[in-house]
Structures are given as C-alpha cells and as structure tokens.
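Shown next, in structure tokens, is the structure this report addresses.
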Amino acid sequence: MQRKNGSRSEELNFISSFLSSSESFHSFIRRNPIGGTYNESNITIIYGNITRLISDLELTRYSLLPNIKPIIIYHLDHLKSDLKKLIELKHSLHAGAVCSEKAKADILIITKDKPYYISFKDITKEAKLGQFSSHLQLGQVKLEGGLKKFIEIPAAKIIHTNSNLTFEQFNKLNSGNKKWAVYKSLYDKDFQRLVDQMMENAYAQLYTFCHELTKDIDLLLEFLTRTLVGNSESVLDDFYLVMGDSFIHVKSVLNKIKKLNPEICTQEFISRNSKKSMLLSIRIKDKKYWITKIEPSFDGSRKNVSQTKGIIYYFQEFSDNVNQSYKSLLIDVSENKFG
DNA sequence: CTGACTTGCCTGCTGGTCGC
DNA sequence: GCGACCAGCAGGCAAGTCAG
C-alpha cells in the first residue's frame, strides 16, 4: 500500500476505506467541505468543517483494515462541542468520552457491539506528545509549571510605552500579561533572575520526576495512557491507535509491555544548541526505545515577546540513529515481537 | 556560500472553568 | 448565565546547523 507522506488526512483515508467507493465519498466531501452527513447503504459518516484537510487530499485506501463493521463513523476533529455531547448521549458513551479537552480520539466508529475510539499517529514524522504549563501529577510524582509569582506594579505604570511591545501587541494582552510585559522591561535584571531561578527549579523537578518514573512501570504506563488516550479512563477499553498499517489496542499493548518487565532508564540530554532535557527510555530484552524527551522552557522570557507564560514542559517524541521512539515500541509489542 | 532541514520558541485560538 | 481568565494545542517562524 502506498500512501502519501505528510498527508494530514489519514483519518479520511481510513474512513473511506470502509466504503465501497472512495470516489463518491471524495466528491461528496469536496462538494460539502464545511460539514455533512454521507450515507452509503449501511454506513453513515458524519463530519464537520474539513476544508483545510481537503485542499491536497488524495484518497488512498487501506488494504489492511481492522475487522470492524461500522454503522456510523464520526470524524470528530471539527465537530462542534454541542454535537459531540449529543453523540455521547445518543450512543450512551461515558460523559466526556469525545467531548472534553482530554479526549484524544480523532474518529469514533459505532458498531453493533461497541464504540471504537481511534486516534491517528503519523509514523513518518516526529511530533509533540504533549505540553503543559500547570500541574502534572502521576502518583506521588509531580511537575509544576506556569508562572504563579505575584508581582506588584502601580497601575499607572502599566502602559505600552513602559514595555518593549508594539502598541497593537500590548493592547491585545490580558491584564496579567500586560503587567509582566512592563515588569520585563522596567525591571529586567530582577526578571532575568526570576527566569533563571524558575528554570533551575524546573530542571530539578524534572530530574526527580524522571528518576521516580524509572522506579515504577505503572507510573510510566499511566503517563503514556494520559498522553495517548487522555484522562478518560472510561474510553481506555475501546481506544485504538492507527500507525501506518498497525491497528493498536492501547490497553492490551500497555499490559503486554508491563508483562515484559522492561527496564526504565532516564538520562540527561543536551541538544546541539545546548538545550538541556531529560530522556526516558524503556529496554525490553536487548531492544531500547525512547519514550519521550521532556524539556522545560520559560515561554515569554524575552522582553519583546508579548505573552509571558512561565514554565512549560514540552514532551517531545524522540529517536536517534540507534533507537526508535514510543511508536515503534507500541507497534513492536503489538506484533508480539518479544514473544 | 547557500539551500534544506531541525529545533526551540512564540502566537493565536479554543474551549473549559470560575466567580459573580 | 455570562464574562474574564487561563491552560493547552497546533502551527508557524526564525535562528541555528548541516551537507553539498
């Protein structure tokens, strides 16, 4: 099977592969790009505004489809949230299964027996696993980001000429960001000291976080679950990933990983540009996979940047010439590569 | 040197939440 | 019930780096 690299519309390829004719579906969505309901004999497809996906779409069919008999397929990404709530009600799904910020499924397939929540991961390119700036708690382990420090600046000083921003930039900001924009400019030494302190603290937290994760496979697997499936425990039983030709039931693969009794490692990594981060890896037998690279960043540390967000932890996919990323881990384990 | 690719950072947006 | 606020996401962009 050949599929176009860099296509952002794998979901549409996947959906159309269940139909007897991709062409008529293709022409339907081209005629109705801002949303619609497509019916073919006994399959209904419901989608939202997919204009951006259609421009360079070339539908190619999956030859290896999982054994599913869809009745309704929802392309969730661009559906309005009130419609998603209705979907949850109509099919008696758990609250928040498709309509919550933690919901990660790209499409939902309703069959006679059960729902399939499906998320697509492009194996041809690396992507972020996620990012967050508030509070991540796994068991007793936590990472704390953001910018909670309180600063006081007289209201009269909070004007655009006291910042290093343009008038337009400044006026788009909320009051908190305006205050920081002025603070960065008027008290730059103090601000720089604060940034340095917070970064140091972030690295210290991250170091502990990663070392704690190496001691407890359950924590690591919970991290993967949250990242891939979202917070909703309720969908885990029915959650699948499509990666290339693999159709992966996340829960069973994670269980298999646990049974393989992997060794978890962490190490510091310094990028070519000297940016420090932490790597997490898993070793099963003699094969090692990088789970993720975690790097803290103080977003908005420069004076001429409008939004001052503070510490954000970025979870990046990572691989190198020797070892591959979490995607290969999931694929290999699902194919029983380790027995 | 130059064009292509990588990496880190920034912005705009969205949708949830919270307090009134 | 509503506005203000904020976390999180995706995508873009530019500086840095590499290969030829």
Side-chain angles (χ1 to χ4, degrees), chain A residues 5-11 48-53 55-56 76-85 88 95-106 119-122 124-137 142-150 163-166 168-181 184 195 198-199 202-203 206 226-232 269-279 290 292-321 325:
Chain A
N5 281 356
S7 162
R8 288 179 304 173
S9 42
E10 276 310 292
E11 316 96 86
N49 187 342
I50 52 173
T51 312
R52 287 201 310 161
L53 296 179
S55 53
D56 53 3
L76 296 168
D77 273 355
H78 303 90
L79 292 182
K80 296 250 185 291
S81 63
D82 46 352
L83 180 52
K84 290 189 195 171
K85 289 208 175 82
E88 289 173 1
V98 296
C99 182
S100 95
E101 64 174 301
K102 306 283 183 197
K104 302 264 182 178
D106 299 313
S119 166
F120 291 77
K121 298 283 175 200
D122 187 343
T124 65
K125 51 184 177 216
E126 296 200 334
K128 279 177 203 153
L129 280 82
Q131 69 190 56
F132 77 95
S133 67
S134 62
H135 181 84
L136 175 70
Q137 180 108 30
K142 66 173 183 192
L143 282 177
E144 195 85 49
L147 181 58
K148 285 163 191 108
K149 166 107 180 152
F150 181 76
S163 77
N164 281 57
L165 305 177
T166 65
E168 289 75 20
Q169 279 181 310
F170 191 80
N171 280 293
K172 268 191 252 171
L173 295 175
N174 63 37
S175 58
N177 272 315
K178 278 182 180 158
K179 201 162 72 168
W180 281 107
K184 286 198 278 197
V195 171
M198 286 181 65
M199 280 303 280
Y203 276 117
L206 179 57
R226 280 205 211 174
T227 306
L228 300 172
V229 178
N231 255 351
S232 191
F269 177 74
I270 296 178
S271 75
R272 281 204 305 246
N273 308 335
S274 319
K275 172 85 182 178
K276 207 165 72 171
S277 55
M278 293 296 284
L279 298 176
W290 297 112
T292 187
K293 179 178 89 168
I294 311 174
E295 57 184 50
S297 155
F298 191 109
D299 274 22
S301 64
R302 295 198 204 140
K303 284 192 224 177
N304 58 345
V305 166
S306 62
Q307 297 175 23
T308 311
K309 294 187 172 183
I311 301 291
I312 296 190
Y313 294 92
Y314 290 94
F315 292 76
Q316 312 271 18
E317 183 180 350
F318 186 77
S319 62
D320 57 26
N321 295 330
S325 80

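Bear in mind the structure is a predicted one, so any value in this text is a computation, not a measurement. Hydrogens, waters and symmetry mates play no part in the numbers below; they use all other heavy atoms, side chains included. The sequence lines fix the lettering, A, B, ..., with proteins before strands; numbering per chain opens at 1.
Looking at heavy atoms from C-beta onward, A/M199 lies in side-chain contact with A/I311 at the 4.5 angstrom threshold. For the pair A/L228 and A/K121, the minimum side-chain heavy-atom distance is below 4.5 Å. When side chains are defined from C-beta on, A/F318 does not count as touching A/L129, because their heavy atoms never get closer than 4.5 Å. A/D299 places none of its side-chain heavy atoms less than 4.5 Å from the side chain of A/Q307.
Atom NZ of A/K303 and atom P of B/dC9 are 19 Å apart (whole Å). Whole-Å rounding puts the A/F315 CZ to B/dT7 C1' distance at 18 Å. Between A/R302 atom CZ and C/dA15 atom P there is a gap of 9 Å when expressed in whole angstrom units. Rounded to whole Å, the distance from CD1 on A/I312 to C1' on C/dA10 is 13 Å. Nucleotide B/dT6 holds its C1' atom 11 Å from the CD atom of A/Q316, rounded to whole Å. For the pair A/K275 NZ and C/dA15 C1', the computed distance is 15 Å after rounding to whole Å. What separates CE of A/M199 from P of B/dG8 is a distance of 11 Å, to the nearest Å. Between the CG atom of A/L228 and the P atom of C/dC9 there is a distance of 13 Å, given to the nearest Å.
Applying the 4.0 Å criterion to OP1 and OP2 of B/dG8, one finds that A/S297 has every side-chain N and O outside that range.
Among the atoms of the strands shown, only primed sugar atoms or phosphate atoms (P, OP1, OP2) are found under 4.0 Å from some heavy atom of A/E295.
Donor-acceptor pairing under 3.5 Å is recorded for the side chains of A/T308 and A/K184.
Taken to the nearest 0.5 Å, the OH atom of A/Y203 stands 7.5 Å off from the CD atom of A/E295.
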So which protein nitrogen or oxygen atoms get under 3.5 Å of nucleotides 11-13 of chain B's nitrogens or oxygens?
unit_1 : atom_1 : unit_2 : atom_2 : d
B/dT11 : OP1    : A/S306 : N      : 3.3
B/dT11 : OP2    : A/S306 : N      : 3.3
B/dG12 : OP1    : A/K172 : NZ     : 3.1
B/dG12 : N7     : A/Q307 : NE2    : 3.3
B/dG12 : O6     : A/K309 : NZ     : 3.0

